[in-house]
Amino acid sequence: MTAQRSILVTSALPYANGPIHIGHLVEYIQTDIWARFQRMRGHRCYYVCADDAHGTPIMLRARQEGIDPETLIARVAEAHRADFRDFRISFDNYYSTHSPENQRFARLIYERNRDGGHIVRRTIRQAYDPVEKMFLPDRFIKGTCPKCGAEDQYGDNCEVCGASYSPAELKNPRSVVSGAVPEERESDHYFFRLRDFEDALRAWTRSGSLQPEVAHKLEEWFAAGLQEWDISRDAPYFGFEIPDHPGKYFYVWLDAPIGYMASFQNLCDRTPGLVFEDFWGLDAEAEIYHFIGKDIIYFHALFWPAMLQGAGFRTPSAVYAHGFLTVDGQKMSKSRGTFIQARTYLDHLNPEYLRYYFAAKLGPGVEDIDLNLEDFSRRVNADLVGKVVNIASRCAGFLTKRFEGELSPQLAEPALFAAFVQAGEAIAAAYEGRAFSRAVREIMALADRANQYIDEQAPWIVAKDPAQSERLQGICSLGINLFRVLMGYLRPILPATAEAAEQFLQIPPLTWDDLPNPLLAHRIAPFRPLMTRVDPKKIEAMLQAAKADLAATAPQAKKPAREPIAPEISYEDFAKLDLRIVRILEAEAVEGADRLLRLQVDLGDETRTVLAGIRAAYDPKDLVGKLTVLVANLAPRKMRFGVSEGMILAAGSGGRELFLLEPDAGAKPGMRVR
RNA sequence: GGCUACGUAGCUCAGUUGGUUAGAGCGCAGCACUCAUAAUGCUGAUGUCGGUAGUUCGAAUCUACCCGUAGCCA
């Protein structure tokens, strides 16, 4: 056995302005499995996390709800804790970045870096909302993309063409907060000189602290040259005030990772024998691992180790990034109902299913994983219920009925049991290397062997011969022992099922070192189903609920009230309208008119000129050739720019919200519409 | 647009340093069994290994370009 290790693991801090969703859970489940594995191996492993409680979005959200930020983050923290508890995420401490410990560490790290000359002050120009009297983060400015002209894009990059730019380049910029046109204003900011740490970071990067693909990514950043990092924000801001500069606050990303330390400090303060310095001190022997999503590598692999180093703390042993979750091959989508909150899942399905499914797909790399809901239920049902739990189920009945639950004093087939034990090394190595999918594959291969054994031995036939009673007991006892080893291997993934199995087996919590010792002449409890099958109806119900949740939690999506229906008319009134199919032959903007397009339309045997107020919604060249509907008997109307001989039909509120009517295929110019 | 990854059977994934007929599980078909939560066992079918071009005696594996997907661009 290897020596006992002291390990601190963290997951990234969830932001305290919204609920946990199943995408978040990939990371918490991954980290939790790893932490539980380490503990099961007999190591001292602490797992801490916290809510990331600062920043502009939280400030604005609280304001919008008419409450203090403190009230908001307390409410969100409670929901987060409940979600994690129910998914059996085994945090040793779940804290908040809005805490005295975090403030103390943030100051300390700032001051030490400042005193070391790593912080500089500079004046920058930044977008300012004159109505709200606040500087605007890039994400709080929207406008037209300077590259492709797409409307309603954020201040930092365009989701349509993928271009990145600065908010100043955005056309028609608007503050998302007030709708005002942002102005540029000057402000003093503090910058962290990342470049001071370049050599150390390069060395750290190469020391095996990062996955190879992440290290490659860092090479790119080094090559591009490390830039200074803006670590301050102006009031109003929800966060920690910078000690030597009232009215300036630490940027949320400065104090977020420090939250790992603060949470751990808080744990140390109430855990006898747990010493902060043993983990974070410069010469600490303990290991520290951060599990993060691939989107925040920059902060954890560059800023964080640099800040720590500048402040005289040790750097993390490693940072492990994982990919994102897609649902049925697509990004989680609110409209498709695949944006599933943790709570919504819990309301319908067993968390062990998701823990297993994620484990079965998680590798050590940064690839995205897909939650394919068909595959999800098939896989859980086949592997866990059909294979693993079934082993216990098919042996236990004989033991209970015939032997009062008593297991044989010897193993019927020691070689088979030994093979199961021997596989443990490879499985442990897979867990250690975060290759959970490999571990699961190996475990399921063992489960197949156990089922094969039972089939070969056919205890149901042996049971018919009273003279072979001992043999029957031996077969079933071995089956139970194989099941016990399998549950031991699965324990980090399936804590609740493992506990139920331990109760069934009447044993204390399984440890890795225990596994080679079989249960002999031991009495087990009557079998009760340890896990039930995934019910597809529940998945369907969950998806429905996910859609409903979003409708409920999206008050911003102000639904325009439907325009009231006009007063009733008779058929005769309707019949007075002569609606005709026309083909648009030409379209051009009307000089001097902001809204008008001049269209030449073909009515079958005549051509008419129509002036239509659809310029904001349609590009003239896109209209040519289209079929649409014309009110053909409308009195011609004289306008400043000419005479309009009819009106074409469009739906919508006006401006860009206009949608031309188009007939189904087969309609021809001149046809009357009834 | 640049960069880092990913793209292998209907689905989810393995494929070690390029080396004989490309694998597993699920699903599907057939058979067997009936102890078990319609669970299990055996047998079988299924792939131009994203595309194109190259390097090589030999490429899923190496190179270039292209297409698609994700993230990052502080």
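Below, chain A is the first sequence line, B the second, and so on; all start at residue 1.
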For atom P, what is the distance between B/G7 and B/G51, given to the nearest Å?
13 Å
Salt bridge flag under 4.0 Å for residues A/R379 and A/D383:
yes
Which whole number of Å gives the distance between the P atom of B/C3 and that of B/C42?
50 Å
B/G27 versus B/C13 - spacing of their C1' atoms, nearest Å:
14 Å
Candidates B/G27, B/G25, B/U34 - which lies nearest the side chain of A/R378:
B/G27
Side-chain ion pair, A/E540 and A/K537, N-O less than 4.0 Å:
no
Ring centres under 6.0 Å, that's the criterion: do A/Y453 and A/F417 meet it?
no
For A/S393 and A/E228, find the nucleotide of RNA chain B closest to each by heavy atoms; which residue's nucleotide sits nearer the 5' end?
A/S393
Within less than 4.0 Å of OP1 or OP2 of B/G15, is there a side-chain N or O belonging to A/R441?
no
By nearest atom, which of the nucleotides B/C6, B/A70, B/C72 is closest to the A/E367 side chain?
B/C6
Write down the distance between NZ (A/K217) and C1' (B/C6), rounded to a whole number of angstrom.
14 Å
In whole angstroms, how far is the C1' atom of B/G10 from the CG atom of A/N372?
11 Å
Could you check A/V389 against A/K361 and say which one's nearest nucleotide on RNA chain B is further toward the 5' end?
A/K361
Would one find more than 12 heavy atoms of other residues, nucleotides or ligands at under 6.0 Å from atom NZ of A/K142?
yes
Find the distance A/I369:CD1 to B/A14:P and express it as a whole number of Å.
11 Å
Rounded to whole Å, how long is the line connecting atom CG of A/D465 with atom P of B/C35?
16 Å
Evaluate A/D465 against A/R471 for salt bridge (charged side-chain N to carboxylate O under 4.0 Å, His left out), listing each step before the verdict.
CA-CA 10 Å; A/D465 179 1; A/R471 197 174 144 220; over 6 Å; no
Looking for any heavy atom pair under 4.0 Å, which part of the strands does A/E213 touch: base, sugar-phosphate only, or nothing?
sugar-phosphate
Nearest-nucleotide pick for A/H216, side chain only, options being B/C35, B/A5, B/U12
B/A5
Taking only Watson-Crick and G-U wobble pairs with both distances under 3.5 Å, what dot-bracket line describes RNA chain B, where [ ] shows pairs that cross earlier ones and | shows pairs with another strand?
(((((((..((((.....[...)))).(((((.......))))).....(((((..]....)))))))))))).
Using the P atom on both, measure B/U43 against B/C57 and round to a whole Å.
41 Å
Find the distance between CH2 (A/W221) and CG (A/L201) and round it off to the nearest 0.5 Å.
11.5 Å
Calculate the interatomic distance between A/D370 atom CG and B/G71 atom P; express it in whole Å.
14 Å
List the protein contact pattern of nucleotides 38-44 of chain B with one symbol per nucleotide (5' to 3'): B for base contact, S for sugar-phosphate-only contact, - for none; contact means a heavy-atom distance under 4.0 Å.
-SBSS--
Which value, rounded to the nearest 0.5 Å, describes the distance between A/I119 atom CD1 and A/I231 atom CD1?
3.5 Å
Hey, could you give me each pair passing side-chain hydrogen bond (donor to acceptor under 3.5 Å, both in side chains) that has a residue in residues 387-398 of chain A? Not counting sequence neighbours.
A/K387-A/D448, A/R394-A/N451, A/R394-A/D455
Taking the six-membered ring for Trp and the single ring otherwise, decide whether the centroids of A/F339 and A/H21 are under 6.0 Å apart.
yes
Does any part of the side chain of A/Q506, heavy atoms only, come nearer than 4.5 Å to the side chain of A/H522, both counted from C-beta?
yes
Using the P atoms only, state how far B/U63 lies from B/G23, rounded to an integer number of Å.
25 Å
Given B/C72, B/C6, B/G71, identify the nucleotide with an atom nearest to the side chain of A/K294.
B/G71
Using a heavy-atom cut-off of 4.0 Å across all strands, would you classify A/I297 as base, sugar-phosphate, or nothing?
nothing
Pick base, sugar-phosphate or nothing for A/G479, based on heavy-atom distances below 4.0 Å to the nucleic acid.
nothing
Rounded to whole Å, the CZ-C1' distance (A/F358 to B/U12) equals 14 Å
I need the A/F140 CZ to A/T56 OG1 distance, nearest 0.5 Å.
6.0 Å
Please state the P separation for the pair B/A38 and B/A24 - nearest whole angstrom.
28 Å
Whole-angstrom distance between B/U34 and B/U46, as gauged at atom C1':
30 Å
Taking the same atom, C1', in B/G50 and in B/C67, what whole-Å distance lies between them?
7 Å
Starting at atom CZ of A/F504, determine the distance to atom P of B/A36, rounded to an integer number of angstrom.
14 Å
Using a 4.0 Å heavy-atom cut-off, does A/P459 contact any base of the nucleic acid, only the sugar-phosphate backbone, or nothing at all?
nothing
Using whole Å, what does the distance between atom C1' of nucleotide B/A36 and atom CD of A/Q457 come to?
17 Å
